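All values derive from a computational prediction rather than experimental measurement.
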Amino acid sequence: MTPSSISVQFIPTGFVPTDEQRKIQASRHRINLVLANAGAAKTTTLALRIGEAISKGTAPEEILALTFTDEARQVLQARLTAVGIAYNTARRVRVQTVEEFARQVLAGMEDAVPSALASVREQKAFALDALENVGPNNPDRGDVLDIRTHNTAVSQFLDNLLKLKATLTLMRGGDGMDPEFAAEGLAVPLTDYLWAIEYEKQRIDLFGYVEARGFFDATYDLACALRTTPELHQALPAYKLVVCDELHDINEASFCIIETLLNVHQPYFVGVGDKDQVIYSHLGADDAFLQYRIAASFPDCATFPLSMTYRHGPHLAYAMEAFKNKAVESNLPLRTEIHEAPYADQPGACGQQVVEAVRQWQQDGKPLDACCILFRDQHQSIDIENALMQAQIQYRTLTMHSYLQRDEILFLRGMLAIALGDFHHVASPETRAAIVEALATFAEVPLTPQELSEAKTTIARDPATLEYFFEGQIKRVGNPAARARIEKAVEYLRSLEPAAPAHAALAAVCDFVEMEKLAQRLYVHPYEASVVTKCVNGFIGTARNLNQNLTDFSAWIGTAEKVAGARPGKATVLLDCVANVKGKEFEHVILPFLDQGEFPNPLRTLSEEENLFYVAATRAKSRLTLIPAQDPARRSPFIARMQLAGTLNRANNAVRRNLAVPTATAGRRDLKVAYANKDAVKSLGAQWDRTRKVWYVPDHLDLEPFRNWLAEP
């Protein structure tokens, strides 16, 4: 089928849609599911469908566009005007996250507005209030409850709470079944399960009055209401077209809302997603929705592919095709370079290979801020950050923290500061406050949020008061076993000679406090505990490589933190974890530590590790650098599955093919017409595009009579 044989009314500006896009744009099926590849213009295709609906007479207010993140919402809103929909028309389309939509629907049902738990800090305080009821309301389970109030425990609880709500298992588990049985079936600690019940009792009273809502609570509350009270279905607003982006992030609660919305008012629906980008299973995302749940709910669902990627050229497209065993194509006349740079089995070797890759990028005349180093886990940034600092290459982290700001490293820094009586090397008040919180967490000091806030404020302002915090809080009210170990560690540090090597001292401290067991106690999930242990080992490795005594190493940390925390300019390399960059793209992506036991991580499911690697590799546009161990036995199996040698000739031929194909141009030309001349161009055969608000010349007419009004192509 040729593009001209697919009948569409909306013609975008600046590009010619593919046949795949036109089929989606013109589909007359009510329910349309689009299975896309990475970089396949998913959001642009939805914008085309919205433009088509408006061109055929659908009012913008009758269209709802849903996303799962605010960033995706902003991108979709911007894409409407980018494809040529007039700005004022595009602004009338309702583009919202599912959470925003749910909040607005609930506002029309409820008499009062719940207070908003707008920040993590407010949600943690609310959670701690609920925790006070867990013990009294479960007196027969006092011997099995593990009630902790430190920051890490609360963060882990909120993560478990989110998953329970996203999967609606909290609602299903609260029907009178035995709590131990329910918690085990839901794969959460018993304390967190009972805590979640108390949290919801505090948030919603016996009469259904909602006191407060935090992140995702509106989605959860609306989904529960729709599941339990069918008469509320008619309260959902009616639309003629609903589109949904990034369907691979959908969970049970979101699906409940979308499914009901489509059943009640019978709108047309177009949803796009990539089953190979499901990486948020811990938040309830599941490829089952794309694979069969949507089709099971809507048997008349039509499925369309978006196999063409617009992000990178054939070399990476075919490598990902081999890796995921699915069709991927690229018509870009671009050779996306894929380099392998193995590193030797010696300290700092991987970091040096990263530095070389960055320097080569600079030598090729490319901007540093177009280069991003992506990590499977945060502990991998230690070697890389140190190597970049040593090479005097500026960097900045996108969403992750520098390793110097991780809790376990802050705890060790606090121990050094206490033992040396030297807190002045920590110049940032924010870091001082974070060190206090880390000390309270790892010493298991039961401070109330108010007491912790006061301690952080005091020590951030006056570093000398850290000693009083150690004597008055850690040594007196901390967990007895934890404080005994910490006291011994501090006494040991204070007994050392000034020239004592820092790495040996830190290793001894970790032995005193039993760091690995402590991490396992603080972090419920083995994976998270393993990352903590690896970060600590990496920090000790840094001290070993520097070969400094404690005083000099403490000073070096202060200097390093200033480098890591400096206000970044444009000429900075970007750093982040793979899980944080889905939806983003970079000209050059560097993937270090592609080793067995690192990527894939053995503590995670292989299918999600495969998806994570797929996301990582497909962020690259013009260059991808893979840095595995030099020893073939240690290399990640993912590299071999890309079949780089086997796909090379095909990719070379595809690039030559793409270079030979002339650039497609739209078959019509826009006009710049003053209001006084509209009748003149209309009489010559020009037509008015009510979606884009422009006059244009249809492709079958001669352009010559319109010469005075032609816009730039």
S.K.: Rounded to the nearest 0.5 Å, what separates atom CG in Asp287 from atom CG in Leu247?
M.R.: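 Result: 12.5 Å between the selected atoms.
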S.K.: Would you say Glu561's side chain and Gly558's backbone share a donor-acceptor pair under 3.5 angstrom?
M.R.: no
S.K.: Roughly how far, to the nearest 0.5 Å, is the CE atom of Met320 from the CZ atom of Arg641?
M.R.: 9.5 Å
S.K.: Please report the interatomic distance CH2(Trp361) to CD(Glu337), rounded to the nearest 0.5 Å.
M.R.: 8.0 Å
S.K.: Taking NZ, NE, NH1 and NH2 as the nitrogens, is one of them in Asp274 or Lys326 under 4.0 Å from a carboxylate oxygen of the other?
M.R.: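 Salt bridge flag = yes for Lys326 with Asp274.
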S.K.: Please test Glu408 against Lys534 for side chain to side chain contact (heavy atoms under 4.5 Å, CB included), starting from the C-alpha separation and ending with a verdict.
M.R.: CA-CA 10 Å; Glu408 59 273 16; Lys534 289 176 180 178; over 6 Å; no
S.K.: Measuring only between side-chain heavy atoms, which start at C-beta, is Tyr614 closer than 4.5 Å to Asn37?
M.R.: yes
S.K.: Quick check: closest heavy atoms across Arg635 and Pro342, and the distance to 0.1 Å?
M.R.: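 Looking at all heavy atoms of both residues, the shortest contact is NH1-CG, 4.2 Å.
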S.K.: Apply ring-ring contact (aromatic ring centres under 6.0 Å, His included) to residues Phe539 and Phe553 and explain how you reach the verdict.
M.R.: CA-CA 11 Å; Phe539 188 58; Phe553 184 60; 5.4 Å; yes
S.K.: Which class fits the ring pair Phe289 and Phe255: parallel under 30°, tilted 30 to 60°, perpendicular over 60°?
M.R.: tilted
S.K.: May I have the list of side-chain donor-acceptor pairs in residues 587-596 shorter than 3.5 Å, sequence neighbours left out?
M.R.:
from   : atom 1 : to     : atom 2 : distance (Å)
Glu587 : OE1    : Ser622 : OG     : 2.9
Glu587 : OE2    : Lys621 : NZ     : 3.3
His588 : NE2    : Thr625 : OG1    : 2.8
Asp595 : OD1    : Ala629 : N      : 2.9
Asp595 : OD2    : Tyr343 : OH     : 2.3

S.K.: Check for a donor-acceptor pair, side chain of Glu321 on one end and backbone N or O of Val328 on the other, with a separation under 3.5 Å.
M.R.: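 Here the side-chain-to-backbone pair exists.
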S.K.: Is any side-chain heavy atom of Val272 less than 4.5 Å from a side-chain heavy atom of Glu246?
M.R.: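 Not in contact.
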S.K.: Determine whether a donor-acceptor pair (N or O, by modelled atom type, separation under 3.5 Å) exists between the side chain of Thr397 and the backbone of Met400.
M.R.: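 Here the side-chain-to-backbone pair exists.
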S.K.: So do Lys582 and His248 actually touch side chain to side chain, heavy atoms under 4.5 Å?
M.R.: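 Heavy-atom side-chain distance check passes, below 4.5 Å.
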S.K.: If you look at every heavy atom in Ile338 and Ala319, which pair is closest and at what distance?
M.R.: CD1-CB, 4.3 Å
S.K.: Taking only residues two or more places apart in sequence or in another chain, which ones pass side-chain contact (heavy atoms from CB on, under 4.5 Å) with Ala391?
M.R.: Val355, Arg359, Ile393
S.K.: Looking only at heavy atoms, which two atoms of Ala38 and Arg619 are closest? And how far apart?
M.R.: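 That closest heavy-atom pairing would be CB-NH2, 3.9 Å.
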S.K.: Please determine whether side chain to side chain contact (heavy atoms under 4.5 Å, CB included) holds for the pair Ile486 and Phe411, giving the CA-CA distance in whole Å, both sets of side-chain angles, and the decisive distance to 0.1 Å.
M.R.: CA-CA 11 Å; Ile486 288 174; Phe411 168 65; 4.1 Å; yes
S.K.: Under the 3.5 angstrom rule, does the side chain of Glu437 hit a backbone N or O of Ala433 as a donor-acceptor pair?
M.R.: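 Not a single qualifying donor-acceptor pair exists.
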S.K.: Can you tell if the side chain of Thr572 reaches within under 4.5 Å of the side chain of Tyr395, non-hydrogen atoms only?
M.R.: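 No, side chains not in contact.
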S.K.: Can you find a heavy atom in the side chain of Pro600 that is under 4.5 Å from one in the side chain of Pro637?
M.R.: yes
S.K.: Is there a donor-acceptor pair under 3.5 Å between the side chain of Glu99 and the backbone N or O of Thr219?
M.R.: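 Side chain of Glu99 to backbone of Thr219, a donor-acceptor pair under 3.5 Å: yes, one is there.
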S.K.: Is any side-chain heavy atom of Met515 closer than 4.5 Å to a side-chain heavy atom of Thr533?
M.R.: no
S.K.: Rounded to the nearest 0.5 Å, how far does CG of Leu190 lie from CH2 of Trp195?
M.R.: 13.0 Å
S.K.: So does Arg604 pair up with Glu610, basic N to acidic O under 4.0 Å?
M.R.: no
S.K.: Verify whether the ring centers belonging to Phe512 and Tyr492 lie closer than 6.0 Å.
M.R.: yes
S.K.: Minimum heavy-atom separation for Leu412 and Val509, please, with both atom names.
M.R.: CD2-CG1, 4.0 Å
S.K.: Would Gln362 and Lys366 count as a side chain to side chain contact (heavy atoms under 4.5 Å, CB included) here? Give the steps.
M.R.: CA-CA 5 Å; Gln362 286 181 294; Lys366 308 293 186 180; over 6 Å; no
S.K.: Can you give me the closest heavy-atom contact between Leu612 and Val578, atom names plus distance?
M.R.: O-CG1, 3.3 Å
S.K.: Rounded to the nearest 0.5 Å, how far apart are OG1 of Thr336 and CG of Leu624?
M.R.: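 So the gap between those two atoms works out to 9.0 Å.
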S.K.: Do Arg413 and Ile557 have side-chain heavy atoms sitting under 4.5 Å apart?
M.R.: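 Yes - at least one pair of side-chain heavy atoms lies under 4.5 Å apart.
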S.K.: Using the rule side chain to side chain contact (heavy atoms under 4.5 Å, CB included), only one of Asp369, Ile384, Val358 pairs with Val573; which is it?
M.R.: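 For Val573, the side chain to side chain contact (heavy atoms under 4.5 Å, CB included) check succeeds only for Val358.
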S.K.: Please determine whether a side-chain nitrogen of the Lys or Arg among Lys165 and Glu252 lies less than 4.0 Å from a carboxylate oxygen of the Asp or Glu.
M.R.: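 Salt bridge: no.
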S.K.: Counting only N and O atoms by type, is there a donor-acceptor contact under 3.5 Å from the side chain of Ser254 to the main-chain atoms of Ile250?
M.R.: no
S.K.: Does Tyr280 reach the main-chain N or O of Ala579 with its side chain, forming a donor-acceptor pair under 3.5 Å?
M.R.: yes
S.K.: Is there a side-chain contact between Leu506 and Arg544 (heavy atoms, below 4.5 Å)?
M.R.: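 Side-chain contact under 4.5 Å: no.
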S.K.: When you measure from the side chain of Asp552 to the backbone N and O of Gln548, does any donor-acceptor pair fall under 3.5 Å?
M.R.: no
S.K.: Could you go through Asn580 and Leu398, starting from their C-alpha distance and side-chain angles, then the distance that decides it, and tell me whether this counts as side chain to side chain contact (heavy atoms under 4.5 Å, CB included)?
M.R.: CA-CA 9 Å; Asn580 299 332; Leu398 292 175; over 6 Å; no
S.K.: Does this structure show an ion pair linking Asp245 with Arg73, if we count only N-O contacts that are shorter than 4.0 Å?
M.R.: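 Here Asp245 does not pair with Arg73 in a salt bridge, since their nearest N and O are not under 4.0 Å apart.
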S.K.: Taking Ser281 for its side chain and Gly284 for its backbone only, find out whether a donor-acceptor pair lies under 3.5 Å.
M.R.: no
S.K.: Which pair of heavy atoms, one from Ile435 and one from Gly414, lies closest together, and at what distance?
M.R.: CG2-CA, 3.6 Å
S.K.: Is it true that Arg634 and Asp345 make a salt bridge, defined as a side-chain N closer than 4.0 Å to a carboxylate O?
M.R.: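 Looking at Arg634 and Asp345, the cut-off is met.
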S.K.: Can you tell me how far apart CG (Leu404) and SG (Cys535) are? Round to the nearest 0.5 Å.
M.R.: 10.5 Å
